Amino acid sequence: MIVIFDVDGVLIDVTKSYHYSIHDTVKYFAEEKPREELLNIKFSFNINNDWDASIAGILYAKSGLSLSQFKKEFAPFSQSLDDMFRYAQEKGIELPDYKELVQVFEDFYHQHREREEMIFPHDVLERVRKKADILGVITGRPFSDLDYSFKKFDLYKYFDYIITEDDIPQPDLRKPSSYPLKLFFEKVEFDNPVFYIGDTKADKKMVESFNKEENKNVRFILYQNEHNKDLEAEYKIKSPDEICEILNSYDYAQE
């Protein structure tokens with residue numbers, strides 16, 4: 001059995017770190033907007049990367065539009081970073097250099113990261129570790145951010161293989177692309193059953209694309225929260241200990 005975790009919103013609560021960093025980055029480059037509105041844009045358009053979510057927030061802040069008007073106008077440009085910059089060009093909106101934005105965002109994140117908390121407690125991770133042959137992580141975090149949190153919470157001891165933002169060569173290969181899963185299985189031999197635990201549409205689409213392209217059957221487990229209530233999934237959990245019920249009740253005869 002192989003079990004792969006997303007990090008943000010699954011292993012670790014980032015509502016007081018990354019979510020605050022989006023707000024502060026938008027304020028730095030544009031003007032202050034309510035954090036709830038910026039998160040509405042992020043989750044409405046399934047923008048998995050928070051640097052890109054900050055770009056979208058800056059576009060909103062500089063557009064002069066109401067939230068509903070902006071979302072309607074921005075929708076066709078919301079699915080890639082290139083499209084966001086094209087929207088800016090068409091609307092005459094000046095955006096910061098992307099590398100500068102990343103640095104500003106990360107500086108804010110370093111201010112907020114102490115407030116992160118674990119979602120999956122150690123006792124549950126220990127049970128999953130005993131159940132699974134391989135434990136892995138696929139996250140959109142840069143390695144330096146993951147390294148800080150994994151050391152802080154003593155998480156490295158559970159995981160065999162980790163894929164981070166640093167392993168992804170270009171933005172269009174991030175989730176929801178199947179590339180991160182393909183990269184993972186270049187390191188690990190595929191062996192049923194395989195589960196991926198995520199909390200976003202991008203996580204689900206990555207799994208679906210991988211299964212279709214590779215003719216595999218990675219099972220997606222949705223960790224439910226207030227932002228993904230409408231997302232359909234065969235397996236859903238509302239608390240960490242429910243993962244053990246799914247893994248223990250899995251019928252190997254399906255294979």
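All of these numbers come straight from a predicted model, not from anything done at the bench.
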* To do: Measure from the side-chain N and O atoms of Lys152 to the backbone N and O of Glu114, and report whether any donor-acceptor pair falls under 3.5 Å.
  => yes
* Are Asn46 and Thr200 side-chain neighbours, meaning at least one heavy-atom pair lies under 4.5 Å? -> no
* **Heavy-atom closest pair, residues Asp145 and His110** => OD1-NE2, 4.0 Å
* **Backbone of Ser66 reached by a side-chain donor or acceptor of Gln69 within 3.5 Å** => yes
* Which heavy-atom pair separates Ala88 from Leu95 by the least distance, and what is that distance? -> CB-CD1, 3.6 Å
* **Geometric cation-pi criterion Arg113 and Tyr148, 6.0 Å radius, 45° cone** => yes
* Asked: Can you list the steps and then say if Lys91 with Phe77 is a side chain to side chain contact (heavy atoms under 4.5 Å, CB included)?
  -> CA-CA 12 Å; Lys91 300 300 177 182; Phe77 302 88; 5.7 Å; no
* **Greater than 12 external heavy atoms within 6.0 Å of Asp97's CG** => yes
* **Audit row: Asp13, Thr15, side chain to side chain donor-acceptor pair (under 3.5 Å) steps and yes/no** => CA-CA 6 Å; Asp13 181 351; Thr15 56; 2.8 Å; yes
* Asked: Which class fits the ring pair Phe70 and Tyr60: parallel under 30°, tilted 30 to 60°, perpendicular over 60°?
  -> tilted
* Using the ring of each side chain (for Trp, its six-membered ring), is Phe105 parallel, tilted or perpendicular to Tyr18, with breaks at 30° and 60°? -> parallel
* Asked: Which pair of heavy atoms, one from Asn228 and one from Asp199, lies closest together, and at what distance?
  -> ND2-O, 2.9 Å
* No-hydrogen, no-angle side-chain donor-acceptor test under 3.5 Å, Asp241 and Ser239 -> yes
* **Glu126 vs Lys130, salt bridge (charged side-chain N to carboxylate O under 4.0 Å, His left out): CA-CA, chis, key distance, verdict** => CA-CA 6 Å; Glu126 286 168 2; Lys130 291 177 181 177; over 6 Å; no
* Lys33 side chain to Leu38 backbone, donor-acceptor under 3.5 Å -> no
* Does the side chain of Phe29 reach to within under 4.5 Å of the side chain of Lys62, using non-hydrogen atoms? -> no
* To do: Indicate yes or no for a side-chain donor-acceptor contact from Asn211 to the backbone of Val218 under 3.5 Å, with no hydrogens or angles considered.
  => yes
* Asked: Under 30°, 30 to 60°, or over 60°: which ring-plane class applies to Phe190 and Phe210, parallel, tilted or perpendicular?
  -> parallel
* **Test item: Asp8 side-chain N/O and Thr139 main-chain N/O as donor-acceptor pair under 3.5 Å** => no
* Asked: Okay, side chain of Arg129, backbone of Tyr158: is any donor-acceptor separation there less than 3.5 Å?
  -> yes
* Would a 4.5 Å heavy-atom cut-off, applied to side chains only, mark Ile163 and Ile168 as touching? -> yes
* Asked: Do side-chain atoms of Lys204 reach the backbone of Glu232 as a donor and acceptor pair under 3.5 angstrom?
  -> yes
* Apply side chain to side chain donor-acceptor pair (under 3.5 Å) to the pair Tyr179 and Gln170, showing each step before the final yes or no. => CA-CA 10 Å; Tyr179 180 84; Gln170 57 199 54; over 6 Å; no
* State, yes or no, whether a side-chain contact exists between Lys201 and Asp230 at a heavy-atom distance under 4.5 Å. => no
* Asked: Do Val128 and Cys244 have side-chain heavy atoms sitting under 4.5 Å apart?
  -> yes
* Could you walk me through whether Phe150 and Phe159 pass the ring-ring contact (aromatic ring centres under 6.0 Å, His included) check? -> CA-CA 10 Å; Phe150 269 40; Phe159 297 100; 5.7 Å; yes
* Do the side chains of Ile22 and Thr25 get nearer than 4.5 Å, heavy atoms only? -> no
* **For the student: nearest non-hydrogen atoms of Pro180 and Leu173, plus distance** => CD-O, 3.4 Å
* Is the CZ atom of Phe85 crowded by more than 12 outside heavy atoms at less than 6.0 Å? -> yes
* Asked: Looking at Gly140 and Lys175, what are the two nearest heavy atoms and their distance?
  -> N-NZ, 4.5 Å
* Determine yes or no for a side-chain-to-main-chain donor-acceptor pair under 3.5 angstrom, with Tyr196 supplying the side chain and Met206 the backbone. => no
* **Audit row: Asp147, Tyr156, side chain to side chain donor-acceptor pair (under 3.5 Å) steps and yes/no** => CA-CA 9 Å; Asp147 186 55; Tyr156 276 121; 2.6 Å; yes
* Heavy-atom side-chain contact between Leu146 and Val137 under 4.5 Å -> yes
* Go through the steps to decide whether Glu213 and Lys182 satisfy the test salt bridge (charged side-chain N to carboxylate O under 4.0 Å, His left out), and finish with yes or no. => CA-CA 10 Å; Glu213 294 166 14; Lys182 289 180 179 177; 2.6 Å; yes
* Asked: Does Ile41 reach the side chain of Leu59, with side-chain heavy atoms less than 4.5 Å apart?
  -> no
* Could you walk me through whether Leu155 and Ile12 pass side chain to side chain contact (heavy atoms under 4.5 Å, CB included), step by step? => CA-CA 11 Å; Leu155 294 175; Ile12 297 174; 4.3 Å; yes
* Partner of Asp50 by salt bridge (Lys or Arg N to Asp or Glu O under 4.0 Å), out of Arg174, Arg141, Lys42 -> Lys42
* **Cation over ring face, Arg115 and Tyr20, 6.0 Å, 45°** => yes
* Over all atoms of both residues, closest heavy-atom pair of Val26 and Ser54 -> CG2-O, 3.7 Å
* Considering the options Ile2, Ile4, Asp160, which one meets the side-chain contact (heavy atoms from CB on, under 4.5 Å) requirement together with Leu135? -> Asp160
* Give a yes or no on whether a salt bridge exists between Lys212 and Glu208, defined as a side-chain N under 4.0 angstrom from a carboxylate O. => no
* Within a reach of under 6.0 Å around NZ of Lys157, are more than 12 heavy atoms found that belong to other residues, nucleotides or ligands? -> yes
* Structure fact -> Per side-chain contact (heavy atoms from CB on, under 4.5 Å), Lys205 is matched among Pro176, Ser177, Ser178 by Pro176
* To do: Before giving the answer on side chain to side chain donor-acceptor pair (under 3.5 Å), spell out for Asn40 and Glu36 the whole-Å C-alpha distance, their side-chain angles and the decisive distance to 0.1 Å.
  => CA-CA 6 Å; Asn40 183 296; Glu36 294 76 15; over 6 Å; no
* **Any donor-acceptor N/O pair, Asp166 side chain to Phe143 backbone, under 3.5 Å** => yes
* **Ring geometry between Tyr235 and Phe195 (parallel below 30°, tilted from 30 to 60°, perpendicular above 60°)** => perpendicular
* Asked: Does atom CD of Glu90 have more than 12 heavy-atom neighbours from other groups under 6.0 Å away?
  -> yes
* Any chance you could lay out the side chain to side chain contact (heavy atoms under 4.5 Å, CB included) test for His112 and Asp24, step after step, and finish with the verdict? => CA-CA 10 Å; His112 296 307; Asp24 291 350; 2.6 Å; yes
* Show the numbers, then the answer: is there a side chain to side chain contact (heavy atoms under 4.5 Å, CB included) between Asp6 and Tyr223? => CA-CA 10 Å; Asp6 181 33; Tyr223 188 83; over 6 Å; no
* With distance as the sole test, does Asn49 use its side chain to make a donor-acceptor pair with the main-chain N or O of Asp52 at under 3.5 Å? -> yes
* **salt bridge (charged side-chain N to carboxylate O under 4.0 Å, His left out) assessment of Arg86 paired with Asp82** => CA-CA 6 Å; Arg86 185 161 56 87; Asp82 287 342; over 6 Å; no
